[in-house]
There are 2 protein chains.
Amino acid sequence: MAETADARWANRSSLLAVLLAGGQHSRAGLTQQTGLSAATVSRVVEGLLDEGLVREGAVLQTGRRGRQGVVIEVAAERGVAVGVDLGGTTCRFLATDLLGHSPRYREEPTPRHLAADDLADWLAERVRALYADSAAPDVLRAGVIGLPGAVAADGLGVRGATNLPQIEGELFTRRVRRALDGTVAFGNDADLALEGELRHGAARTADTAVMFTVGAGFGAGVAVDRHVRGGPTGLVGEFGFLPVDSEDHTVEELVGAEGLMRAARDAGLDVDTAADLFVDSSPAARAVIDRFERALGVALIAVTIAYEPELVVLGGRVSASIDAAMTTRLRERVRRRLPACPELVHSELADLAGALGAVSRGLSALRVRFDVAPDAAAAVRADLELSALLSPAGTTR
Amino acid sequence: MAETADARWANRSSLLAVLLAGGQHSRAGLTQQTGLSAATVSRVVEGLLDEGLVREGAVLQTGRRGRQGVVIEVAAERGVAVGVDLGGTTCRFLATDLLGHSPRYREEPTPRHLAADDLADWLAERVRALYADSAAPDVLRAGVIGLPGAVAADGLGVRGATNLPQIEGELFTRRVRRALDGTVAFGNDADLALEGELRHGAARTADTAVMFTVGAGFGAGVAVDRHVRGGPTGLVGEFGFLPVDSEDHTVEELVGAEGLMRAARDAGLDVDTAADLFVDSSPAARAVIDRFERALGVALIAVTIAYEPELVVLGGRVSASIDAAMTTRLRERVRRRLPACPELVHSELADLAGALGAVSRGLSALRVRFDVAPDAAAAVRADLELSALLSPAGTTR
DNA sequence: TGAAAATATTTCAGAGTGAGAGCAAATTAG
DNA sequence: CTAATTTGCTCTCACTCTGAAATATTTTCA
């Protein structure tokens, strides 16, 4: 412990962290970025060149006089990260290289009729195909798969996957993991969506943030100190279970699309989608929406008390129906009761948040496998090439 | 950054961390405890001897054959930590040396009629007296003062101190701090009570824990990864604000002693203390207690969802009335709705939790000032000499 | 063309570590 | 009582790694 060798490793870590965040860096630039001496940077870079983890690229055209620096570029093809968002209806895949570049995105309907085994094989096959895109001989691979259920801290046990019951337990996850030689990890889809927003979306600058996912049901992801928390059994953030009145109605029943539709039916309303309810001005519809707003307000109060987040990101299908007037009313509702209230913003990454978050985690795992210190690996702010994805053509919206 | 000198500092840190945790250690023992080489331990100890931070004590009688080791003991008189729990009615003081030994405890009625200035002077005078007990020439002092209100992250702004209104704002805290030359920090009393239970009480072994303080009002402290969290404005954990029914009753109204007494009066009951309500078997009293239990259940559900703690510690005056039957019912209530439920246990430190937590934080601050790495400083599990305090004679119970 | 400036490498002294030798002090065995 | 053994501590030495400074290299500017 605490040998002198640690220093070298620490320096290599912080240097690699800078390189893996992307951008053009010469050795001189790295000297500035890392605060190390020029000599040390030269030596560490030499080591990385020997490892084949970086290579010298073009000379850096600065326009200033003096000798030009040589760009040190990461051998990005040495790693592949695959992020998957396995939803109840759609499955999204996103693969990138070690730098988060050359994204390849695809989506398919989830074959929800398949049993656990077959679904696992179906998924593994597609991930393997994305892995295979990189032809380099010694590629490290890391896949992260978001599931519509709570994932235990061990990363295998799945619970509460009402949308895709066959993935419950450890059968599905174990089979996927084995089929992919242990290169994959699992996470909760809401947590990964928050991870995405946290690194590349609306919560980019937030330290502590919560994401409400309002879809068929209601879920929340929680990030404290830029670290998404799931809890030992993955229960953390499941504010859908929170009771909101004396009759034991829960947030999920009043806020989720399923609950909304049931309430609409009970009120004799004839609507096809939850979104229709929000634009229906009949008293019956307004009553349902009022209860929606009340319940969402309770959830907002609860998370404000629990974490005092700077930001609550609204995501999920139904969240699109939450307009500015309603967010204003929600914040007022909180402010009437509490001395502070988080910002309320809509998701920036929409459908892609989950897959992006999954890739981000995969990239972190890759960095660690390339022997970057875990803290540094998680702190890297990679500049993924998202523009192509988020342009109108790239997404399904 | 990352010079070789860091290694020496890191080694000094981990060695000091072992020494400050207490116990008898020879150089050989330290070699084992720290994992460092014998040579390094000798060198670091030599440095500490030069600093005057440690000294050689008696020879260690092991009974084994071979040369006897010399005990390296911390110059505990080099630091004084004072913890204060400034309550609405009682103010408790606890002072220890750098090792958490030679505790001096006293309590006085809080002079709640004094204005901010005078109260600050009153408090500072008493803390100064405790500081003065150590006659060593170069003593470092650290005081931590628990206040019955939310303390902002900057450690100065106080809010929601309904029990002791004159400490609101920054006037009181600034004056105390200046009177004590900046050697003091402030914290929320519920947070510090949890800190105490976390380090020396019921939550000793827990990683993530919550403490409910059920007194006149209702507050909660939150510790995640053995780290008590307050939030930017100190709002974190104020689950008293949580609404529990459609009529907007809050947890505080239904659970705090004040709310209980009001409800009792409204129900035409003639009781003197909240405790009486719990042993009253009349239907009216039972109804009040039922609502108490329901609201506490909602708070328990909320914290379980928010943090999934291993443990919820029950503290505060009213918590004594919560018997085993009620905790069992509460846990059943949670389990009916959630897939997991924390343990529910009573505080072990009772009235002293706050002062103990405050001293613990003071000790941490002292360690940091002696240049121990903050992480290591916080992780030290000092063995305070509590037996004298917790024995029947030591407390007010 | 030469001066100035920026990048990169090499050299060197200094700081620090661990292994192992060596010394000191205790117990045990004969 | 003496020698062997064991344990604690220190000293020496080889090694790693760093940053400062000198040097080489390459570019722009006057």
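Just so it is clear, the model here is predicted, and its values are computed rather than measured. No hydrogens, no waters, no symmetry mates; every other heavy atom, side chains included, goes into these values. Lettering follows sequence order; numbering is per chain, from 1.
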Legend entry - Exercise: identify the closest heavy-atom pair between A:Asp225 and A:Thr208: N-OG1, 3.4 Å
Inset, instruction - Quickly work out the B:Arg8 CZ to D:dT18 C1' distance and round it to whole Å. - result: 16 Å
Inset, instruction - Give the nucleotide from the list D:dC9, C:dG18, C:dA8 with an atom nearest to the side chain of B:Leu36. - result: C:dG18
Legend entry - Nucleotide D:dC9, atom P - distance to CD of B:Gln32 in whole Å: 12 Å
Tabulate atom names and distances for all N/O pairs under 3.5 angstrom spanning the protein and nucleotides 28-30 of chain C.
| residue | atom | partner | partner atom | Å |
| --- | --- | --- | --- | --- |
| C:dT28 | O4' | B:Arg65 | NH1 | 3.1 |

Inset, instruction - Report the distance from atom CZ of A:Arg64 to atom C1' of C:dA4, rounded to the nearest whole Å. - result: 14 Å
Inset, instruction - Give a yes or no answer on whether the side chain of A:Arg12 reaches the backbone of A:Leu48 with a donor-acceptor pair at less than 3.5 Å. - result: no
Inset, instruction - Classify the nucleic acid contact of A:Val41 as base, sugar-phosphate or nothing, counting any heavy atom under 4.0 Å across all strands shown. - result: nothing
Legend entry - Residue of the set B:Glu197, B:Glu348, B:Glu310 for which salt bridge (charged side-chain N to carboxylate O under 4.0 Å, His left out) holds with B:Arg204: B:Glu348
Legend entry - Side-chain N,O (A:Arg43) to OP1/OP2 (D:dT16) below 4.0 Å: no
Legend entry - Distance, nearest 0.5 Å, that separates CG of A:Leu356 from OH of A:Tyr105: 9.0 Å
Inset, instruction - Report yes or no: do B:Ser360 and B:His200 form a side-chain donor-acceptor pair below 3.5 Å? - result: yes
Inset, instruction - Consider the side chain of A:Ser42, meaning its heavy atoms from C-beta on, and name the nucleotide among D:dT27, C:dT17, C:dA8 that approaches it most closely. - result: C:dA8
Inset, instruction - Take the protein atom CG of A:Leu15 and the nucleotide atom P of D:dT18, then report the distance between them rounded to whole Å. - result: 11 Å
Legend entry - Closest heavy-atom pair and its distance - A:Leu366, A:Leu98: CB-CD1, 3.8 Å
Legend entry - Polar side chain donor-acceptor pair, B:Asn11 to B:Thr40, under 3.5 angstrom: no
Inset, instruction - Could you tell me the separation between the CG atom of A:Asp6 and the C1' atom of D:dC15, rounded to a whole number of Å? - result: 15 Å
Legend entry - First of B:Val70 and B:Gly66 reached from the 5' end of DNA chain D, by closest nucleotide: B:Gly66
Inset, instruction - Name the nucleic acid region contacted by A:Ala39, choosing base, sugar-phosphate or nothing; use a 4.0 angstrom heavy-atom cut-off, strictly under. - result: base
Inset, instruction - Return the value, rounded to whole Å, for the distance between atom CD of A:Glu46 and atom P of C:dA8. - result: 13 Å
Inset, instruction - Nearest whole angstrom, please: distance from the C1' of D:dC9 to the NE2 of B:His25. - result: 18 Å
Legend entry - B:Val71 or A:Val59, whichever maps to the more 5' nucleotide of DNA chain D: B:Val71
Legend entry - Which nucleotide in C:dG16, C:dA8, D:dG19 has an atom nearest any side-chain atom of B:Ala7: C:dG16
Inset, instruction - For the residue pair A:Asp371 and A:Trp9, establish whether any side-chain heavy-atom pair is separated by less than 4.5 Å. - result: yes
Inset, instruction - For the side chain of A:Asn11, starting at C-beta, report the closest nucleotide among D:dC9, D:dT18, D:dT26. - result: D:dT18
Inset, instruction - Output the single nucleotide from C:dT11, C:dG18, C:dA8 whose closest atom is nearest the side chain of B:Thr40. - result: C:dG18
Inset, instruction - Quickly work out the B:Gln33 CD to D:dG8 P distance and round it to whole Å. - result: 13 Å
Legend entry - 5'-most by nearest nucleotide on DNA chain C - B:Val44 or B:Ala38: B:Val44
Inset, instruction - Give one of base, sugar-phosphate or nothing for A:Ser26, where a contact means two heavy atoms less than 4.0 Å apart. - result: sugar-phosphate
Inset, instruction - Using a cut-off of strictly less than 4.0 Å, decide whether A:Gln68 has a side-chain nitrogen or oxygen near OP1 or OP2 of D:dT27. - result: yes
